[in-house]
Amino acid sequence: MTTPPLLQVADLSVRYSTDGDDVLALDRVSLSLERGERLAVIGESGSGKSTLTHVLLGILSRNAHVTAARGELDGVDLFGGLTETQWTELRRSRVAYIPQDPNIALNPVLQIGRQLDEALRLSPRKVEKLRRRDEAIALLERVGIADAERVYASYPHQVSGGQRQRVLIAIALVGRPRLIVADEPTSGLDVTVQKTVLDALDELVAETGVSLILVTHDLAVARQRTDRVLVLERGRVVESGATAAVTDDPRHAYTRRLLDAVPSLHEGKLAPTPGLSQVDPGHREGGLVAQGLVKTYVTRDPRRGKILTPAVGGVDLAIEPGTTYGLVGESGSGKSTIARIVAGIDRADEGSVHFRGQDVARARGADLRTLRTRIQYVFQNPYTSLNPRFRIFDVVAEPLRGFKVASGAELDRRVRDALDVVGLEPSIATRTPTELSGGQRQRVAIARSIVLRPELIVLDEPVSALDVSVQAQIMQLLIDLQHEFGAAYLFISHDLAVIRELSDRVGVLRRGELLEEGPVGEVFAQPKHEYTRRLIDSIPQFA
Amino acid sequence: MTLQFEDRAVAEHDEHAETALAEVPGGIAVVGTTPARARPRRSARVVQLTQPSFILSALLVVAVVTAAFLPTLFTSLDPYATDLANKLAAPTWQHPLGTDNLGRDQYARVVYGTGNTLIASLLAVVLGLSVSAVLGILAGYLGGWVDEVVGRFVDIFLAVPGLLVSLMIVTTLGYGTINIAIAVGIGSVAAFTRILRAEVLRVRESDFVTAARLSGLRWWSILPRHVFPHSIGPLIALLALQFGEALLAISALSFLGFGVQPPEPEWGLLVSEGRTYLSSAWWLAILPGIVIVLVVLAANRVSKFIEKVT
């Protein structure tokens, strides 16, 4: 006897209507999932992958209209007008959810034990009150939390991000679900943690035979850890099949584009687009030299007095003109602090930053202003770094006006040139940032940073807020710009794969200390420090 | 416990989806005309606009403002014409609010009094706003000792009831419409300043303000270009609310006799004059009082509306 698939969905469409404006989020999506199978749902933002997870969990917003030819989960008809109570029952026993961001998905004012206890109390397994604690600790141990007792008694802020995500997985396991829906479960986590969380999920599937739907934008993760894949583009399934087959031989152009965008596929620094002219950068000698940077943040707490948080402890680095220095580290490693010191936004407590002989850290007044025209900064989040009320023209023109280097027709020409080299149409100049997509916004931010023709651009995670394919475009753009104008980059990232594609030299930062530093090829081939090795191992490998 | 978070996640995803749909390979993209964010707001605005309490309040405010500038639209009677034979008359069709001790039509006096009361209130609000705009923005953006000084000043003003502050000021300035407007305006500076300072503290940390600093802009050009437009949002709702409060304070000061002097009509003054005849002709004090209450309530309701739609 063959068992029927756990989940079968045919011709599922979801339409959101707002004010008579309809958006088709899912368009005739069909899928089926066997027991114990792992399905990857791939797509960029706006592809409808989150909508798909919400349909399966019955948590769509009120303005969503669902139509489907069939939808069956473990013998339950999903679209046969289930009441909210029935959905609740389904969620308590058959389908579980692992949310995206572990930092906001746990209640910050309740101990983790209480939150697990709540799930256990509501589960249909009827765990006795006195057994619940043991059960909860067993669950925590099962998802790979070593000090389960401590975590049980802790508040969410007292445990690490990876542990928080594991706690969420443990909560998902409470009802012994048949299907786990994980919505980008690791995108908020550091790379090394990412790996362990995904390992924990893999083990669970192997041990318990639960089915997994893993929503991700990362093709490498999908390839490594799933059996089948579903590629969504604007609500339509453009390709599906066995993961290995699809990633080896993508049929659809969109899948191919996503694959090309995976950074870990490439070796070494990207090549500039052929046929670009080079502008002579003029003087090429003397780059940036930072020595012994120390920065400590001081916060005052009425109860505990002064709290000192060391962010950077004695970092040296040097950037040659026209090259890229990649600074890699996990959250809290102090990489943004260094970026801000180098750009002259914040001041170091100790140490010096010399840019072509001038001290950035001590510069004041007119000297500082001249330095700022030579060192520019691109922020991580293009949604906050552009004034939403400004027209794009004014955004890009601001440095020219601020430093009074151009006005009138000259200003006009330089702004249009800058927009042109970052690949934006002139017509965009009259729009406002709110009308643009994330990739376009980041292009505008880059245009603003190059309009002064700086000699050094500090890029603080400029691609991490963007979709993979957009990320690839922006990275190519940065390479091309460097080739054209010969500016040096200080490139900050948590992603070693991205660093490898862009940098000449790389520095590995942990807890404010530079563990290792050297040419990209060397560091990747022969990492000296054990931590660097771990970072490199955590990059999802494709082969 | 998780459901609430999930709901929020849905909303966030939708918004994200809308903006990102426009991204097209090659980077040059055709972008949808309306950003997704504007949509739910528009429908919320329609819901708020059609609420009867809001419609009534808005009509009342419009009527009162019109009466302040064109009193002849509302009454054909002269507020100064005495008719001693018909003094202290009860409300009739001819005199909807009755007549006062000199036989003057009370309704006409309320209508003509609107000008004095309203202009003083508006003046007070504008004055309070402009002083606190300067103080709040400087304190929030510059920080340091400027913040300390402004902060202490605000603390002192908040510790003392606003009306008391206004009384102190008006006794030094002397009587008159302009003087009580100044007094009430200064009394409201503290509330505005505190809110504006908090907003500026939030906005000054945003990336685009840092970007402006790196773009070589000086603080005096960053403030009006980047900080001020993003900080005044909550202030606009407060403005309507404060207008109601100012109106009450102006009326109170006039009631105590600090405002315009008889025989000129003014709402607070009318209540004060009517008070003498409370036992024989209660409508003289009570009805103008009700008018004040209604206008203040209407201003609050309009403020609520602004708060909800922005």
Side-chain angles (χ1 to χ4, degrees), chain A residues 16 18-19 21 23 25 44-46 48 50-51 54 57 59-61 97 99-100 104-105 107 110 115 118 171 183 234 257 343-345 369 372-373 376-377 379 381 384-387 389 398-399 401-404 423-425 431 434-440 443 445 448 467 469-470 473 477, chain B residues 1-47 203 205-218 221-222 225-230:
Chain A
Y16 292 107
T18 23
D19 276 350
D21 220 351
V23 180
E44 306 195 308
S45 41
S50 291
T51 303
H54 293 142
L57 293 158
I59 51 170
L60 282 172
S61 53
Y97 176 60
Q100 180 168 7
I104 57 169
N107 187 340
L110 279 187
Q115 306 194 34
E118 184 183 38
I171 292 176
D183 189 359
R234 301 189 187 197
R257 223 179 68 229
I345 300 175
R369 282 176 71 82
R372 280 193 174 156
T373 61
Q376 282 288 307
Y377 191 90
F379 292 84
N381 189 346
T384 57
S385 66
L386 310 176
N387 186 337
R389 283 165 201 255
E398 192 151 81
R401 289 183 176 138
F403 291 110
K404 300 193 173 62
L424 290 170
E425 279 190 344
R431 305 246 192 89
T434 42
E435 299 170 50
L436 307 186
S437 67
Q440 287 175 316
R443 278 169 197 268
R448 172 172 65 191
D467 273 329
S469 66
V470 184
Q473 291 165 19
L477 172 70
Chain B
M1 145 234 141
T2 42
L3 262 179
Q4 247 178 334
F5 292 113
E6 283 154 6
D7 276 348
R8 198 168 68 189
V10 177
E12 274 166 16
H13 280 300
D14 289 351
E15 206 173 285
H16 211 75
E18 293 282 331
T19 37
L21 265 177
E23 181 72 23
V24 152
I28 299 150
V30 193
V31 177
T33 41
T34 357
R37 207 171 279 201
R39 244 175 250 148
R41 260 191 215 165
R42 203 198 308 145
S43 67
R45 194 166 294 184
V46 172
V47 171
V203 175
E205 292 304 321
S206 20
D207 283 347
F208 63 84
V209 173
T210 311
R213 247 166 62 214
L214 291 179
S215 295
L217 263 66
R218 317 281 195 155
S221 35
I222 292 178
R225 280 166 71 83
H226 293 281
V227 178
F228 187 65
H230 289 99

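Residue numbering restarts at 1 for every chain, and letters A, B, ... go by the order of the sequence lines.
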Select, from A:Leu386, A:Thr373, A:Asn381, A:Leu110, the one with the greatest count of heavy-atom pairs under 4.5 Å involving chain B. A:Leu386
Measure across [X] and [Y] and return the closest heavy-atom pair with its distance rounded to 0.1 Å.
X        : Y        : value
B:Arg225 : A:Asn387 : O-ND2, 3.8 Å
B:Ser215 : A:Arg448 : OG-CD, 4.3 Å
B:Phe208 : A:Ser385 : CB-O, 3.4 Å

Rounded to the nearest 0.5 Å, how far apart are [atom1] of [X] and [atom2] of [Y]?
X        : Y        : atom1 : atom2 : answer
B:Leu214 : A:Glu398 : CG    : CD    : 10.5 Å
B:Thr210 : A:Phe379 : OG1   : CZ    : 4.5 Å
B:Arg213 : A:Arg372 : CZ    : CZ    : 6.0 Å

Answer with side chain, backbone, both or neither: which region of A:Glu44 has an atom nearer than 4.5 Å to a non-hydrogen atom of chain B? neither
Give, as side chain, backbone, both or neither, the part of A:Ile345 having an atom under 4.5 angstrom from any heavy atom of chain B. both
